[in-house]
J.: 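Handing you this structure, nothing more for now.
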Amino acid sequence: MPMVRRAGIEPEPAFDDPDDRQLRFKTNRPGIDIIRVRSFDVGAFVAFGAAHLGVAGSDVLMEFDYPEIYAPLDLKIGHCRLMVAEPEELSATDDPSRWSHVRVATKYPQLTRRHFAARGVQAECIALHGAVELAPRIGLCRRIVDLVQTGSTLKANGLVEIEHIADISSRLIVNRAALKTRPDEVQGWVDRFRAVTEAPATRH
């Protein structure tokens with residue numbers, strides 16, 4: 001939101017009210033509303049035309065791979081990494097290069113399957129939407145694929161990173177049809193966000 005505000009979009013006061021339950025908010029810009037959805041749903045809203053622009057992690061874009069989405073700009077925020085992790089005691093003797101089949105818990109089943117298929121490993125994915133780090137501790141599987149920022153959650157659950165899949169950051173995404181039908185308006189916002197991304201942040 002600091003970046004959105006620096007781009008000149010200021011939401012109505014209800015946006016910052018933690019007790020307000022509405023999901024669509026007017027802004028100081030005529031014709032520009034902000035909708036608040038779960039991070040995993042941003043791509044769907046933009047791909048199917050319910051929103052013209054959005055901010056989504058590159059993990060979401062890789063998982064769903066919507067052809068209707070154009071991602072012209074890395075916003076250089078939300079940095080983390082997508083990793084394969086396993087219990088520390090298993091990592092002492094494990095050799096990922098010798099895997100032929102692996103069972104993993106993840107909220108990224110499509111991305112995970114593609115990653116392992118590229119190196120000839122068959123991945124059996126157990127789709128979870130939370131508490132992924134718990135899966136090895138309770139015997140659901142021995143390995144997980146998840147986002148890692150500091151690694152503290154992995155460490156707290158006795159897990160270590162063993163394989164890097166991708167570096168992740170937040171992207172400005174655009175509905176391709178909107179870019180064609182409203183090129184000046186949509187491209188104008190892309191250019192404005194690019195200028196904000198490239199400008200040094202003001203510190204208060």
Side-chain angles (χ1 to χ4, degrees), residues 1-3 18 23 35-48 50-51 54-71 73-173:
M1 283 309 297
M3 187 169 281
L23 299 174
I35 57 174
R36 177 185 280 151
V37 299
R38 290 180 180 273
S39 58
F40 244 55
D41 294 335
V42 174
F45 275 77
V46 175
F48 292 99
V55 175
S58 49
D59 55 323
V60 174
L61 303 182
M62 288 188 288
E63 173 65 17
F64 294 101
D65 197 22
Y66 291 112
E68 302 90 350
I69 287 178
Y70 171 49
L73 187 59
D74 185 341
L75 297 174
K76 300 181 173 67
I77 57 174
H79 292 284
C80 50
R81 57 198 181 276
L82 192 65
M83 301 293 298
V84 184
E86 66 184 12
E88 189 171 8
E89 63 271 18
L90 175 60
S91 71
T93 56
D94 196 17
D95 181 0
S97 68
R98 299 175 65 86
W99 295 349
S100 59
H101 176 275
V102 63
R103 176 188 289 174
V104 294
T106 183
K107 65 176 180 178
Y108 304 97
Q110 302 304 325
L111 201 165
T112 298
R113 286 190 194 99
R114 287 198 305 269
H115 167 76
F116 283 114
R119 41 176 284 210
V121 178
Q122 181 184 2
E124 179 186 352
C125 295
I126 301 170
L128 297 178
H129 298 286
V132 177
E133 296 86 359
L134 189 61
R137 296 185 66 181
I138 60 175
L140 188 61
C141 59
R142 295 202 290 175
R143 301 174 184 93
I144 68 169
V145 169
D146 202 14
L147 288 182
V148 178
Q149 189 171 38
T150 65
S152 57
T153 304
L154 290 182
K155 186 175 182 180
N157 287 277
L159 303 174
V160 294
E161 303 171 33
I162 58 166
E163 190 169 326
H164 177 274
I165 295 179
D167 290 317
I168 306 298
S169 61
S170 295
R171 310 296 171 98
L172 182 71
I173 63 173

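Count residues from 1 along the sequence.
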J.: Which residue pairs pass the salt bridge (charged side-chain N to carboxylate O under 4.0 Å, His left out) test when at least one of the two sits in residues 123-139, sequence neighbours left out?
T.: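 Qualifying pairs, neighbours excluded: R103-E124.
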J.: Who are the salt bridge (charged side-chain N to carboxylate O under 4.0 Å, His left out) partners of D41, not counting sequence neighbours?
T.: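 Scan of D41 (salt bridge (charged side-chain N to carboxylate O under 4.0 Å, His left out), adjacent residues dropped) gives none.
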J.: By side chain to side chain donor-acceptor pair (under 3.5 Å), which residues pair with S169, not counting sequence neighbours?
T.: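 Side chain to side chain donor-acceptor pair (under 3.5 Å) list for S169, sorted by chain: D74, R171.
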J.: Under the rule for side chain to side chain contact (heavy atoms under 4.5 Å, CB included), what residues qualify as partners of F64, not counting sequence neighbours?
T.: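 In terms of side chain to side chain contact (heavy atoms under 4.5 Å, CB included), with neighbours along the sequence ignored, F64 is linked to F40, V60, Y66.
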J.: Would you mind reporting whether L134 and L128 have side-chain heavy atoms less than 4.5 Å apart?
T.: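 No; the side chains remain at least 4.5 Å from each other.
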J.: Check side chain to side chain contact (heavy atoms under 4.5 Å, CB included) between Q149 and all other residues, then give those that pass, not counting sequence neighbours.
T.: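 Only C80 meet the side chain to side chain contact (heavy atoms under 4.5 Å, CB included) criterion with Q149.
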J.: If you look only at pairs with a residue in residues 147-161, which of them pass as a salt bridge (charged side-chain N to carboxylate O under 4.0 Å, His left out), with sequence neighbours excluded?
T.: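 Qualifying pairs, neighbours excluded: R81-E161.
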J.: Can you list everything that forms a side chain to side chain contact (heavy atoms under 4.5 Å, CB included) with A166? Sequence neighbours excluded, please.
T.: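 For A166, the residues satisfying side chain to side chain contact (heavy atoms under 4.5 Å, CB included) (neighbours in sequence not counted) are M62, I168.
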J.: Could you list the residues that satisfy side chain to side chain contact (heavy atoms under 4.5 Å, CB included) with P136, not counting sequence neighbours?
T.: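 P136 satisfies side chain to side chain contact (heavy atoms under 4.5 Å, CB included) with P87, I144, L159 once adjacent residues are dropped.
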J.: For a 4.5 angstrom cut-off between non-hydrogen side-chain atoms, does Q122 reach H101?
T.: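 Yes - at least one pair of side-chain heavy atoms lies under 4.5 Å apart.
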J.: Applying ring-ring contact (aromatic ring centres under 6.0 Å, His included), can you list everything that pairs with F45, at least two apart in sequence or on another chain?
T.: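 F45 satisfies ring-ring contact (aromatic ring centres under 6.0 Å, His included) with no residue once adjacent residues are dropped.
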J.: Take a 6.0 Å sphere around CD of Q110 and say whether it holds more than 12 heavy atoms from other residues, nucleotides or ligands.
T.: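 Atom CD in Q110 is packed in, count exceeds 12.
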J.: Scan for salt bridge (charged side-chain N to carboxylate O under 4.0 Å, His left out) pairs involving residues 93-102, sequence neighbours excluded, and state none if there are none.
T.: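 The answer is D94-R143.
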J.: Any chance you could measure D146, atom CG, to L82, atom CG, to the nearest 0.5 Å?
T.: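 Between atom CG of D146 and atom CG of L82 there are 7.5 Å.
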J.: What residues form a salt bridge (charged side-chain N to carboxylate O under 4.0 Å, His left out) with R119, not counting sequence neighbours?
T.: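 With neighbours one apart ignored, the set is E163.
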J.: For residues V132 and V145, report the shortest heavy-atom separation together with the two atoms involved.
T.: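 So the minimum-distance heavy-atom pair works out to CG1-O, 4.4 Å.
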J.: Test of understanding: with side chain to side chain donor-acceptor pair (under 3.5 Å), list the residues that count as partners of D65, not counting sequence neighbours.
T.: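 D65: no side chain to side chain donor-acceptor pair (under 3.5 Å) contacts found.
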J.: Could you tell me if the side chain of V55 sits less than 4.5 Å from the side chain of V42, heavy atoms only?
T.: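 They are not in side-chain contact.
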J.: Take atom CZ in R142; do more than 12 heavy atoms of anything else shown fall under 6.0 Å from it?
T.: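 Count not over threshold, so no.
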J.: Quick one: pull up SG in C141 and CD in E86 and give me the separation to the nearest 0.5 Å.
T.: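 One finds 11.0 Å between SG of C141 and CD of E86.
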